[in-house]
Amino acid sequence: MEYEHRDIEQRWQATWEKEGLYRSKVDWSRPKHYALTMLPYPSGDLHMGHWYAMTPSDARARYMRMKGYNVLFPIGFDAFGLPAENAAVQRNIHPAKWTHENIDRMRAQLRSMGAMFDWEREAVSCYPNYYKWTEWFFKKMFEHDIAYRSEAMVNWSPTLQTVLANEQVIDGKDERTGQPVEQRMMEQWFFALTKYADELLSFEDIDWPEPIKTMQINWIGRSEGAEVIFVTEVGDEIVVFTTRPDTLWGATFMVLAPEHPLVDALTTDEQRAAVDEYRKAAAAQSELERMEESREKTGVFTGGYAVNPVNQERIPVWIADYVLLSYGTGAIMAVPAHDERDFEFARQFGLQISPVIQPAGRDELVEPEMTESYVGPGVMVNSGPINGVETTDAKGRANPSVAAAIDWLEEQGAGREAINYRVRDWLISRQRYWGSPIPMIHRSDGGIEAVADGDLPVVLPEDVEFTGRSPLGETESFLETTDSAGRPARRESDTMDTFMCSSWYWFRYLSPDYDEASFDPQEAAYWLPVDVYTGGAEHAVMHLLYARFFVKAMRDMGVFDDTAAVMEQHGRDPDGLFDEPFLLLRNQGQVLGAERIGDTVVIDGDWDQGRLIASSVRVDPEAAPDAGVVVGELWRRTENLLQVKTATELVGVEVAPDAAVEIPTIPGSNDVTQLKHHLEIQRMSKSKGNVVNPDALVQEFGADTVRTHLMFAFEWQKGGPWDERGIAGSRRFIEDVWKLGTALYSTEGVDQAASLALLRTVHQTIAKVDEDLAEFKWNTAVAALMTLRNTMQDALRVGNVSPEAWREAVETLFKLLAPIAPHIAEELWHRLGHEESVHVQAWPEADPEIAAEDVVTMVIQVNGKVRDRLDVPAAISAEDAEAAALAAEKVQSWLKQGEVRKVIARPPKLVNIVVS
RNA sequence: GCCCGGAUGGCGAAACCGGUAGACGCGGCGGACUUAAAAUCCGCUGUCCCCAGGGACGUGCAGGUUCGAGUCCUGCUCCGGGCACCA
């Protein structure tokens, strides 16, 4: 009987749908499990990344279901965003139409996965019944002073014609298009994310990957120190944040950001021209240009002075672009003796350097001899009240000198302990069309008010023109409105960052049609919080940070109060359940395209029968075309064979054993194997156009095979380049399962031992697969199933196990395979005569007694080296093991080499005999 | 510069608490079947030495702890990622 994946998969998908197998309902009598996979953006087609992310999530959800949990595994679409608007501009398709068409196509593709999505809970963020609540959340935030409007320096993307959040700008470029952004002063809507900075730093009750936690911690960037007030000679106060208040006595000048508001007042007439010029130059530079510049310090003296509050010294105030307005207070006290940047600046402009730390175990610092700042530990000197206090490498109050300085400053009223964060409030306005409108009204008297609840949602007007700029600001019929008092007013024309929509979508899944609130407390009380969340790590400081912030804000705004009440009715303690959205997070890696171009290599050597025998291989990206016998791109390497693509042909090169290999980026002696790394580095670069289309693979091999292969071929958290040859092995496995499931099993003389041996493997496999699926180790789970396949094939060939044992093996195989390859498991399960779905069966339990080996291979080592192996009973005693080892034939000659000093017996696996 | 993660065959990868390194698969080689090829089946496949029995070496590098180290400790190298004139 042939395995026809197309027929089987389509048939079962239709049946499951018809029977509502994956509908999930609240059932307080059963334990719940909310499994969530990151919702896709409807970009047009499902790609390999979606499959790689979602099919293991689905397998995990199915596994949990078979383990007895009532599982919710929903899906939806993050449907607002720029690509839809770009399509409108480029191809004259309305964003709504483009989006809906893509969603339709992707729904079909998602169904082809055979995932247990509960489609009745689907939520789509661009539907009015969804974004009504996105707007409602904004309004709620506004009422609670979490949303506010403010003028600030923001990132403006000329390419996208909108502002962007800090999280969406990487190295001065927009993270999606890679185009540079500019800094502009603009009035925009913000969410007060920084209010939650400290709480966001704690990951105490959640199980998240270390790298994600670190990224969020880095991004939030908490620094402990003090705020110190300096007074200028014209009487203004300059507030400075410093992590080293202990070095205040060494502060010999101040530096303000060029844009700092006090610069004007400070600047003297003599310096005004120079200051204005510097400020103009700084303003003209983009963030990107500032970063690309060499780190040579530039700056201008304002002519003004301030007083150092600790010693009343008069110190000059400069401006320089190494001080950023966006960090801290935009002003610093400069301590050149103990800060690298300040030191450089002082040397550049001949400013005073006053050491205040006596380095531990070193000579006294003498200013003219210093060639660099001293940042190590020591003892405070020339520092008045804190003289003699020890200073260490510790941060904040943990450093005795810092603690002493803070105490003294607070006593004197010259400063106070302070904490500064790198993270900024979340800028959520976007000057774009295809997003959720901001439900605010600008009154004619200059005030701002929210749209009344009854008028939500503010619906996006459909009949607008797309030119590349947001049409909302030019659509009078949209803008014209009245305020709550009935006076003429204007609507806010900006829309919200689409990350806003995805910051609460898993709540909407609970009740996508619910009309009275953003979610139904009856559903939420049962399902919340999300137990397992899976998706890409690229969202570390965007979606995953925003989502945490959002839930904490929702909690504080009382959004969960009704839910908590329902929980209590059912005897569930709501305490702490609304602090974090996702209890456990796992990230998959990325599947990369296979094709890539390697670096240029220069090869010298001699030709031998059409092949070049290389005497030297050198990696040199800038080599001239005639630099060697062969010069070209490194294309492939297998052992010492290279393929090099020159301008005209693909040349085979054999690298001689004594050939010189030179790879500039890898110092020391190189060899051929290191060229491998070189190829991989190239491969990892984000090159376009190497997309593997999952639809074609599903057509050819079937969803079950694609699912299995994606789970088997990579370490899931790591990912890697796609190798199309490997999938054959997974297909073979699926076909072998088919053959095992459809084979006519006949016995020729049942062998009790063979039956027990088969069942032993079966139960070992249960234990292994169970453990691996629990821990997201798909590849070893599949490997264990393949091992079971091998054992069963042998048993089938010999035909000597009992029909009962065979039946148990086959049924167990199908159940264990069901989460991974749901269609074939279901088909074969039914062919065994079962009426009920395999997916509602109880997960098999491993019987440790059946799984236990009775005979074990015991390793016998002499001085730690394996010298013999013996088959021994698993229950062997230490004495017997030792005796057997000493008597083992192959160890005798080794024992003669000295006296037996010691025998370490670890029965039944190992005995080590120490001889000397 | 600071902070995370990593490095194991030709390739993707396994390895519980320190106890047989390389499970499982891909690829390769040899064989069977076939007119032939594909598919399928069987065997071999870390490197080196050896007629064989067997031996030596081997988890990025250098040390250390231990009867025993891929695993623990110290110091490095390289790769990937995050943050970065961050005060």
Side-chain angles (χ1 to χ4, degrees), chain A residues 170-171 209-221 223 225 240-244 247 255 290-291 293 295-297 320-324 326-335 339-342 344-345 420-422 537-538 540-541 589 637-641 663 665-668 673-674 676-678 680-681 684 709 712-715 717-718 720-730 732-733 735 768 771 777 779-787 789-790 793 797 857-866 868-869 890 901-904 906 909-916:
Chain A
I170 295 168
D171 290 339
E210 210 54 49
I212 300 287
K213 292 196 272 188
T214 318
M215 275 189 250
Q216 293 204 349
I217 290 167
N218 281 348
W219 186 257
I220 293 165
S223 307
V240 153
F241 172 77
T242 175
T243 54
R244 296 301 302 269
T247 62
V255 187
R290 278 199 199 180
M291 271 186 263
E293 290 249 322
R295 301 214 159 178
E296 194 170 304
K297 295 282 175 294
D321 64 5
Y322 82 91
V323 175
L324 309 174
S326 58
Y327 185 79
T329 60
I332 63 162
M333 63 175 214
V335 185
D339 181 279
E340 202 184 316
R341 295 149 304 175
D342 297 345
E344 269 178 52
F345 194 83
N420 192 56
Y421 300 95
R422 206 191 73 90
E538 65 274 15
V541 293
R637 178 184 78 88
T638 315
E639 302 197 46
N640 64 336
L641 299 177
I663 307 166
T665 52
I666 306 176
T673 54
Q674 287 167 320
K676 169 187 78 173
H677 286 285
H678 228 67
E680 274 166 359
I681 298 160
M684 294 301 171
H709 188 60
F712 177 64
F714 308 91
E715 191 187 332
Q717 331 244 347
K718 192 169 148 196
W722 176 260
D723 178 357
E724 59 183 301
R725 286 172 304 191
I727 197 168
S730 300
R732 217 166 282 147
F733 167 65
E735 281 177 3
K768 179 69 180 154
E771 188 186 315
K777 291 155 100 178
N779 54 346
T780 46
V782 175
L785 289 168
M786 285 177 169
T787 306
R789 175 263 319 249
N790 294 343
Q793 280 180 332
R797 207 169 294 134
T857 302
M858 183 169 79
V859 169
I860 299 154
Q861 297 180 332
V862 178
N863 290 338
K865 297 205 174 187
V866 180
D868 204 355
R869 293 178 170 89
K890 288 177 187 165
R901 299 282 172 197
K902 198 173 172 186
V903 179
I904 292 112
R906 293 280 179 275
K909 302 207 41 180
L910 172 134
V911 175
N912 188 13
I913 305 166
V914 184
V915 174
S916 64

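In this text the structure is predicted, and so the values were computed from the model without any measurement. Throughout, a chain's letter reflects where its sequence line sits, starting with A, and its residues are numbered from 1.
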Selection from [options] that lies nearest to any side-chain heavy atom of [X]:
X	options	answer
A:W219	B:A87, B:C67, B:C83	B:C83
A:A783	B:A23, B:C83, B:A87	B:A23
A:R725	B:C83, B:C16, B:C26	B:C26
A:M215	B:C42, B:G82, B:A87	B:G82
A:K297	B:C24, B:C85, B:G19	B:C85
A:E715	B:A14, B:C85, B:C67	B:A14

Original post:
If we call it a pair only when both distances are under 3.5 Å in a Watson-Crick or G-U wobble match, what pairs with B:C61?
Top reply: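 Answer to the pairing question: B:G75, which forms a Watson-Crick or G-U pair with B:C61.
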
Subject >> Pairing partner (Watson-Crick or G-U wobble, both distances under 3.5 angstrom) of B:G9 >> reply: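 Pairing partner: none.
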
For [N], does either OP1 or OP2 sit under 4.0 Å from a side-chain N or O belonging to [X]?
X	N	answer
A:K718	B:G6	no
A:K902	B:C67	yes
A:R732	B:C26	yes

Original post:
More 5' along RNA chain B: A:A331 or A:I212, using each one's nearest nucleotide?
Top reply: A:I212

Subject >> A:E344 and A:R341 ion-paired at < 4.0 Å >> reply: no

**OP:** Tell me, with the steps shown, if A:R901 and A:S916 meet side chain to side chain donor-acceptor pair (under 3.5 Å).
**Re:** CA-CA 7 Å; A:R901 299 282 172 197; A:S916 64; 2.7 Å; yes

